[in-house]
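Accompanying notes for the structure given below.
Remember, predicted model here, so these are calculated numbers, not experimental data.
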Amino acid sequence: MASIVYSPFTLPSSKVDQLSSISQKHYFLHSFLPRKTNQSNSKSSMRVKCAAIGNGLFTQTTQEVRRIVPENDQGLPIVKIVYVVLEAQYQSSLSAAVRALNQKNRSASFEVVGYLVEELRDESTYKTFCKDLEDANIFIGSLIFVEELALKVKAAVEKERDRMDAVLVFPSMPEVMRLNKLGSFSMSQLGQSKSPFFQLFKKKKQGAGFADSMLKLVRTLPKVLKYLPSDKAQDARLYILSLQFWLGGSPDNLQNFLKMISGSYVPSLKGTKIEYADPVLYLDSGIWHPLAPCMYDDVKEYLNWYGTRRDANDKLKSLNAPVIGLVLQRSHIVTGDESHYVAVIMELEARGAKVIPIFAGGLDFSGPVERYLIDPISKKTFVHSVISLTGFALVGGPARQDHPRAIEALTKLDVPYMVALPLVFQTTEEWLNSTLGLHPIQVALQVALPELDGGMEPIVFAGRDPRTGKSHALHKRVEQLCTRAIRWAELKRKTKVEKRLAITVFSFPPDKGNVGTAAYLNVFSSIFSVLKDLKRDGYNVEGLPETSEALIEEVIHDKEAQFSSPNLNVAYKMGVREYQRLTPYATALEENWGKAPGNLNSDGENLLVYGKQYGNVFIGVQPTFGYEGDPMRLLFSKSASPHHGFAAYYSFVEKIFKADAVLHFGTHGSLEFMPGKQVGMSDACYPDSLIGNVPNVYYYAANNPSEATIAKRRSYANTISYLTPPAENAGLYKGLKQLSELISSYQSLKDTGRGQQIVSSIISTARQCNLDKDVKLPEEGEEISAKERDLVVGKVYSKIMEIESRLLPCGLHVIGEPPSAIEAIATLVNIAALDRPEERISSLPSVLAEAVGRSIEEVYRGSDKGILKDVELLRQITEASRGAVTAFVEKTTNKKGQVVDVADKLSSILGFGINEPWIQHLSNTKFYRADREKLRILFEFLGDCLKLVVADNELGSLKQALEGKYVEPGPGGDPIRNPKVLPTGKNIHALDPQAIPTTAAMQSAKVVVDRLIERQKAENGGKYPETIALVLWGTDNIKTYGESLAQVLWMIGVSPVADTFGRVNRVEVVSLEELGRPRIDVVVNCSGVFRDLFINQMNLLDRAVKMVAELDEPAEQNYVRKHALEQAQSLGIEVREAATRIFSNASGSYSSNINLAVENSSWNDEKQLQDMYLSRKSFAFDCDAPGAGMTEKRKVFEMALSTADATFQNLDSSEISLTDVSHYFDSDPTNLVQNLRKDGKKPNAYVADTTTANAQVRTLSETVRLDARTKLLNPKWYEGMMSSGYEGVREIEKRLTNTVGWSATSGQVDNWVYEEANSTFIQDEELLNRLMNTNPNSFRKLVQTFLEANGRGYWETSEQNVEKLRQLYSEVEDKIEGIDR
């Protein structure tokens, strides 16, 4: 290891400004770069180049470092070998074998050249590859699993296959495996025949089975085949022997392999007898230690050897030493490319930990894990934590994974499971200089897939040398990896009473009324419930107050302060010198924030840590970004580093409080969104520096898997999901309730003389309720025919039903308090409303509609049009569904409303036909003929869902994590679409990013896009929209498996193509005939989270748009091409570059900051907000230079936006709507487009709502109105919030602030929304006082927001209303100063 010496390096001055601020911190990075071996040039320091050098791809290495051309002076026959591999570990071994052969072999001269799959993306490299194949004798390929590159290899090799003497492909995609040819042996039939090889690739045989059966076959077949006479059998035998040689990987094995193949198949060597030895076989799996005399396949023998080691000190031999299991890849050990493994083993032992390093030759590590890390007799584990150094999923590597099998093995092991990464596709220097960090394909294979097994902490621990291809340890990273693994192991070994826990809460936007902000979570009640439980469990939580209210008081009030103190309780004052000593990266923050202590979280002399300690538990308040109030900083396109106060907080937690674990409480803080690489942090990335070595446990909302994934990857969090509050139907109130009563009397009396009179009342009441914006109402006193009357009533009725049945989460969730069964009814009704064809479950509404001879789709369409009888039928279907589900739930619960043993109850219910509670309920309705079999299947499924909804494991999982146990992984998402999200308390993961969009998502997307275009045409004089500007969100695409991604593809008229493994890496064009309309241009704004999670999909979209722009089609049928040609001409660039349409933030930055500006009122005018959007969101992804990361292309961005006729967003789940979070308006470019358009016309703004089975496309203003009616102005909603006390007031204020955000970005909020809100919260004295007393700080913000809406011209109201608000503002100011002694 000592051979890696460090040299400092400098940056070429011209490049500095192009580099992200991260790589400018040059005092960090030198810890990674190995010094060149020839020491002569030590004066010239090594220079780091900017990421976008050379070909703009991820790797600049070429095949020339793997080319050996012999000096053939004796005129021997030449054998030329070309190989393509996934990773470079075979490079040194194969080169050594060829050099040895050329030295001593007298019969032939060997020439060899090797390519890494990734290098073939580069056009010139690919041309050289094709040229190399033209005179090659032998081709070898291994582990070629990336479809677009596999197809390139196939195309090139196919041309030469018949001419070459041998083609050997080891496990790869079937397309490439079919190229195999060895004499008469071939796999061209792979896929059609019953050949044993193909059986291994069948979809059913996932993962593990494949690797095992392959290895068994490899062991036994040569022995069997030896005795078969036919040539075919001998050729097959040599293929299997080749595989043995290859898997054996050592230079000796590879020498014999080349001798065998060339001697047997190269014609110029036919007469010569070339002797070769049989393959040296290594254990398929076992235990390996660099100092051990041999490999072990018995853990007891290994431990005996370990106990007698002479070189080990007493600390290592002590019974108390932590034991860490390592999982290694055999190919690295046998090819001699194991220095990075050795470094980890040595580092762990130097830190006093024992190691058990196990390996496997195939791709299934679950067997060895169970065999070597668990005591076969007592079933206890030998280890306290496990690190996989392979980077692959536990079962199935890069090909097919078997996650259930992996989870089963890891659950038996029950220790924290970390998956660290060696760089595969990049050299060390390329990774360091990349703002993206890890290569997207490596993220997909080695970060996303291991997460599905419950793997965490994707730390890059090894780099790759560009010349030899060998791996080398990155020492700083190895130290961190080993320390963190030992810290997780310590949690397994320490007693509860001595464990120290730092609970971190968030305050966003920074204000005393906002301490403990988290999505859907009542934070302080939850912390209180968690601490009571930990106390019962034996943790030291001394001095915990009696109630959660008292807990809030102690954390948010500074007891020392005499009067109005804006300060929270100060837990620690950190002097500047102490801060600098504890925080090695402190000087790096000065570029953005000046010298410490600065003015954030400081009293001018010290840095202040806010919070309160109870025994061994510290509750701390995480500082905020720090720039939310500074309009200038909000305009910067790259986010600022954390400020000194932020860094001091984490230094305190780790080094002064000495936390054994930190628990981030709720969705979400700022730590994981600090600048740094997207995935695969270096030690110059802020999230990595801040979290340091403390194990991080993070409570995250189950419906937000995308941001949870960012927390896992960037702050190494073990994310534990919590439930969102149970949903209820919005119901009706005030005028809306009156309307519904009028409508039911109209239905019974419409044919009597009173029909006309009732309709007049309906029309005037609808006007009072401001429904005239949503429904076209006739003028008062206008005579209308009976048919028209029905239509008017039908339309109003349909609108009311839409409001009534809208789902809303009521109140806030408390950890450890699952919903009661009755609270779960609305959720179950909605689960029942979706068809699930893959599980053969029909939705309840469709079964009921069929019972009366209708199809539910027809009813939905009719109801949307306002056909009275269809609206009424839909209402009856909805009521019958609720009734049937309620009857079912009541039968399975006891008097207290808890679900009793559902299984027993269900079997007794499902045993008898007649007594089924849902049948009993339906027998009294018009749906008594409903199909019983379909209902039975559906209710069995609902029974399972009910069990999951009420299960409670949120506290249980937290305790498992704190005890150093394995937390079972599970998907995040919307429990209504995907009940597998339940029960909560799982380690949340997203999905395989290459698996979307699915076929089902594409189906749904077509429906929405067609409706969107229809609606735009109807409102635009029958003209097609030429361009649509839209947003892609991370979470939405996980929940819907890529629906909005598929919408973009369908707009431009292409469809995704999946490969053999179901991964989507290609698209094909849909012809204009099939499309039946022009191709619509798009401007896609990807959220920062989508960019981090789905960079492969951004690549796919960019390829698709550019492909469409280059089609030879008429401009009026292809708007992408039309605009790209215009833009190329006016900017003087190529059409391909002008067709740039996929934008996001700069790497490591998130959001347009409009949300921060609005929440903190730190903006002057709308133009300023629009500048933020343009400066932060104009970074483009380029599929032709993916390695360059996000590059700024503001001009193209502005020109593309200026053609937009419509803006568009998706809502995909009931609990997050337009005014619930600030993200939606933060990404809305409606007013901006109006300013950029030459004609100054405002684009139409639409929102697709796929939260129910009846997907809708509404205008933005309709959606804002619907949202205001169902949430902000709805007593059911705000009373639900008020019941959560302090946090509830903040939630109400947040909805109003977000409504102002919509006014600012789109101008689509009606005046009456503010007027009604004012009369609800300000005119009602009783409610006003409750708000003021419960959370005066948030109430002050509410009043301020009303005044701001008026001041900015978004709300016109009477002078007396404004006067009252001003008075209230000064009243509440006095009150706050009075309260805070």
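Using a distance-only test at 3.5 Å, with no hydrogens or angles considered, a donor-acceptor pair links the side chain of Gln480 to the main chain of Gly692. With hydrogens and angles ignored, the 3.5 Å screen pairs no side-chain donor or acceptor of Thr583 with any backbone N or O of Ala586. Counting only distance, with no hydrogens or angles, the side chain of Arg714 and the backbone of Met681 share no donor-acceptor pair below 3.5 Å. With hydrogens and angles disregarded, a donor-acceptor distance shorter than 3.5 Å links the side chain of Lys677 to the backbone of Trp431. Counting only distance, with no hydrogens or angles, the side chain of Asn1153 and the backbone of Leu1156 share no donor-acceptor pair below 3.5 Å. Although no hydrogens or angles enter the test, the distance criterion places a donor-acceptor pair under 3.5 Å between the side chain of Glu430 and the main chain of Thr427. A donor-acceptor contact shorter than 3.5 Å is absent between the side chain of Arg500 and the backbone of Ala661. Gln622 contributes a side-chain N or O that, together with a main-chain N or O of Ser670, makes up a donor-acceptor pair within less than 3.5 Å. Between the Asp1226 side chain and the Asn1155 main chain, a donor and an acceptor come within less than 3.5 Å of each other. Side-chain N or O atoms of Arg1091 include one that pairs as donor or acceptor with a backbone N or O of Ser1149 at under 3.5 Å.
Using a 4.0 Å cut-off between charged nitrogen and carboxylate oxygen, Arg713 and Glu451 count as a salt-bridge pair. Ion pairing between Arg477 and Asp683 fails under the 4.0 Å rule for side-chain N and carboxylate O. Under the 4.0 Å criterion applied to side-chain N and carboxylate O atoms, Glu347 and Arg351 are assigned as salt-bridge partners.
The only member of Asn696, Val694, Asp688 that meets side chain to side chain contact (heavy atoms under 4.5 Å, CB included) when paired with Tyr716 is Asp688. Of the candidates Thr504, Val530, Ile619, Val697, Val530 is the only one forming a side chain to side chain contact (heavy atoms under 4.5 Å, CB included) with Phe665. Shown are Leu663, Ile988, Asn987; of these, the side chain to side chain contact (heavy atoms under 4.5 Å, CB included) with Asn718 is made only by Asn987.
Thr435 and Gln678 share no donor-acceptor pair across their side chains, judged by distance under 3.5 Å alone. Looking only at atom types and distance, the side chain of Thr483 has no donor-acceptor partner in the side chain of Asn693 under 3.5 Å away. No side-chain donor-acceptor contact under 3.5 Å links Asn616 and Lys499. For the 3.5 Å distance criterion, the side chains of His989 and Thr709 fail to qualify, holding no donor opposite an acceptor. Under the 3.5 Å distance criterion, with hydrogens and angles disregarded, no donor-acceptor pair is assigned to the side chains of Asn704 and Thr667. Side chains of Gln613 and Tyr572: a donor-acceptor N/O pair is absent below 3.5 angstrom, by distance only.
Residues His664 and Tyr699 place their aromatic rings such that the two centres sit no closer than 6.0 Å.
Here the side chains of Leu501 and Ile503 are in contact, with some heavy-atom distance below 4.5 Å.
In this structure, Tyr341 and Phe461 have parallel ring planes: the angle between them is below the 30° cut-off, well short of the 60° mark. Aromatic ring pairs are classed by plane angle as parallel below 30°, tilted from 30° to 60° and perpendicular above 60°; the pair Tyr649 and Phe618 is tilted. Ring geometry for His643 against Phe646 counts as perpendicular: the plane angle is over 60°, on a 0 to 90° scale with 30° as the lower cut.
Distance OG/Ser1144 to CZ/Phe1090: 9.0 Å, rounded to 0.5 Å. One finds the CG atom of Leu474 at 11.5 Å from the CD1 atom of Ile459 (value rounded to the nearest 0.5 Å).
Lys573 NZ: 12 or fewer foreign heavy atoms inside a 6.0 Å radius.
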Working for salt bridge (charged side-chain N to carboxylate O under 4.0 Å, His left out), residues Lys476 and Glu479
CA-CA 5 Å; Lys476 279 271 175 77; Glu479 278 175 27; over 6 Å; no

